[in-house]
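Presented below is the structure to which this report refers.
Please read all numbers here as calculations on a predicted model, not as lab measurements. Atoms considered below: every heavy atom in the structure, side chains included; atoms not considered: hydrogens, waters and symmetry mates.
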Amino acid sequence: MSAAGETVRLAGRILTLRKMGKAAFAHVEDASGRIQLYFRLNVLGDDAFATVKELYDLGDIVGTEGTLFRTRTGEITLEVRRAVMLAKALQNPPEKFHGLRDTETRLRRRYLDFAANPDVRQAFSVRSRMVSEVRSFFDERGYLEVETPVLQPLYGGAFARPFVTHHNALDQDFYLRIATELYLKRCLIGGFERVYEIGRTFRNEGMDRDHNPEFTMLEAYQAYADYTDMMALIEELYLSVALAVHGAAQIPYGDDEIDLTPPWRRVRLHEAIEAATGIDIYAFPEADALLAEVRAQGIAAPERVTWATLVDELLAERVEPTLIQPTLLVDYPVALSPLAKRREDDARMVERFEAFVGGLEVANAFSELNDPLDQRQRFEEQARERAAGDEEAQPLDEDFLLALEYGMPPTGGIGIGIDRMAMLFTNSASIRDVILFPPVRNRESE
RNA sequence: GACCCGGUAGCUCAGUUGGCAGAGCACCUGACUUUUAAUCAGGGUGUCCUGGGUUCGAGUCCCAGCCGGGUCACCA
């Protein structure tokens, strides 16, 4: 112990406190760790020692100065010469041995969860390093980090119901963005060739273990690239992050060990469905015929039956849960992908993939549709879906179509769920474990 | 939205067949100069989630509601 005898100053929150007649021990903790303090009457003097005995409680934050020594059990301890109360706790901290377990209190007073449960704090430390590595990854590859509007006059870029708000000065409603896609594409049209944005997006939908109404998504776009470039990108990104935050390409998740080493398994969507269910979705091009096949599988039909929703139902029910090891599902039906470019060899399909890891959808990418005429048709198809009752169909965006008419280079684009990535790298079962302050319902009394 | 589970002291929890509201930690009083989940002696601090109902009597049984969790639905 090289610092023995030297004067040391440290501060922290009191976690344990053992007061005796003329001495007291405490453990204090700050972000760097915990250490024991030793207060002695004959070192501190009557007044200062009396203050410790009468005033100090668990949870208080104190500043101290003293010298280090080892107790007879060998623990490094600060013998305190001077001490000052930095913040007095008026509320009792959670119980020191059992910690804070009650899920409702943990959510409503999240600061107590952080204070009482170091492993909860640890997850956010991992998340922070992970995001840093993600930024470095894109920065090093020449992508420009940009920030596009959160408040948008029209929403788009994903299938979701938006949150709506109102701008008083303009007396105009705005939507909180459900995706950054259409603005990032405007950047491409304007000549930026590689852009990315890590941003909060908002979708007015239910919450569960892998959905939160506000979440962080990374979208990246690269001119003169296509979805195969995005396949390599997602594989390399996950590998880089794994090595940076975990030190290995293999990570534990739940009961599984996931190997992120590229290349990931690639399966064509309709083949994955056929392998799991025996149904060749392209052999049943009409919704009614496909519905009969889906029902024969014992799968409940979605509320709104279209060919596309049935395909998605098959995917969600029978394919996605099995995708524990990293898998790229490729070549989606055009009806599910109104912003993606059609395959040249099969106009029913688009150049798109979704990446799955640990059963979670972690990325969605495509060769971006840059034909303004086809894009208009796709929007018009969405408008028909909308008129038929699909609240999540995408609205026709004339302003975006106008931009496309000036010419967007062929582009590969990808959306990556940052929260789900954090779930994987922190081995968290719930997205709320990697969101600092998840929303909770107001209590009537509050 | 449906179903299941839960809500008792600041925290973690117990509470029997319906019969005075409990324990540990925390807290308060006293003792204690190397303790470390300190120890020893004493002290219970409560809207039993809320509102009704049944009953001589409800934390416990019934109904409605609130809040949380889980599963499902939704999230193409």
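Nucleotide B:rC27 holds its C1' atom 12 Å from the NZ atom of A:Lys96, rounded to whole Å. Distance A:Met20 CE to B:rG30 C1': 16 Å, rounded to the nearest Å. Spacing between atom CG of A:Asp102 and atom P of B:rC5 amounts to 19 Å, rounded to whole angstrom units. As rounded to whole Å, 5 Å separates atom P of B:rC75 from atom CD of A:Glu392. Distance A:Glu104 CD to B:rC49 C1': 9 Å, rounded to the nearest Å. Between the CZ atom of A:Arg106 and the C1' atom of B:rC11 there is a distance of 14 Å, given to the nearest Å. One atom, NE2 of A:His211, and another, P of B:rA73, lie 12 Å apart when rounded to the nearest Å. Rounded to whole angstrom, the span from the CD1 atom of A:Ile178 across to the P atom of B:rC74 amounts to 19 Å.
Within the 4.5 Å cutoff, the side chain of A:Leu339 has heavy atoms near those of the A:Lys185 side chain.
Residue A:Arg161 places no side-chain N or O under 4.0 Å from the OP1 or OP2 atom of B:rC75. Residue A:Arg441 places at least one side-chain N or O closer than 4.0 Å to OP1 or OP2 of B:rG68. Under 4.0 angstrom from either OP1 or OP2 of B:rU33 there lies no side-chain N or O belonging to A:Arg40.
Among the heavy atoms of the strands lying under 4.0 Å from A:Arg209 are primed sugar atoms or P, OP1, OP2 only; no base atom is included. At a threshold of 4.0 angstrom between heavy atoms, the contacts of A:Phe39 with the nucleic acid are absent. Within 4.0 Å of A:Glu317, counting heavy atoms only, lie sugar-phosphate atoms of the nucleic acid but no base atom. Counting any heavy atom pair closer than 4.0 Å across all strands shown, A:Leu336 reaches a base atom. If you check every strand for non-hydrogen atoms under 4.0 Å, A:Gln91 touches nothing. Within the nucleic acid shown, A:Glu205 comes within 4.0 Å of sugar-phosphate atoms alone, with no base atom in reach, counting heavy atoms only. Contact annotation for A:Asp208: base contact, defined as any heavy-atom pair under 4.0 Å involving a base atom. Note on A:Leu107: only backbone sugar-phosphate atoms sit closer than 4.0 angstrom, heavy atoms only; bases stay farther off. As judged by a 4.0 angstrom heavy-atom cut-off over every strand, A:Arg101 is placed among residues touching the sugar-phosphate backbone only. Across all strands, A:Thr16 comes closer than 4.0 Å only to sugar-phosphate atoms, never to a base (heavy-atom distances).
Using atom C1' as the reference point in both B:rA64 and B:rA37, the two lie 44 Å apart (nearest Å). If you take atom C1' in B:rG7 and the same atom in B:rC11, they sit 15 Å apart, rounded to whole Å. Nucleotides B:rG18 and B:rG53, compared at atom C1', are 15 Å apart to the nearest Å. Taking the C1' atoms as reference points, B:rG44 lies 14 Å from B:rC25, given to the whole Å.
Proximity note for A:Phe25 (side chain, C-beta onward) versus B:rC27, B:rU34, B:rU33: the nearest is B:rU34. Of the candidate nucleotides B:rU12, B:rC74, B:rC28, B:rC28 has the atom nearest to the side chain of A:Asp57.
Cation-pi check for A:Arg348 over A:Tyr282 is met; the charged atom lies under 6.0 angstrom from the ring centroid and within 45 degrees of its normal. No cation-pi contact links A:Arg121 to A:Phe114, judged by a cut-off of 6.0 Å to the six-membered ring centre and 45° from its axis. Judged by the 6.0 Å distance and 45° axis criteria, A:Arg376 is not positioned over the aromatic ring of A:Phe379.
The two residues A:Pro285 and A:Trp307 make their nearest non-hydrogen contact at O-CD1, 3.5 Å.
Donor-acceptor pairing under 3.5 Å, judged by distance alone, is present between the side chain of A:Gln36 and the base of B:rU35. Judged by distance alone with a 3.5 Å cut-off, a donor-acceptor contact links the side chain of A:Arg18 to the base of B:rU35.
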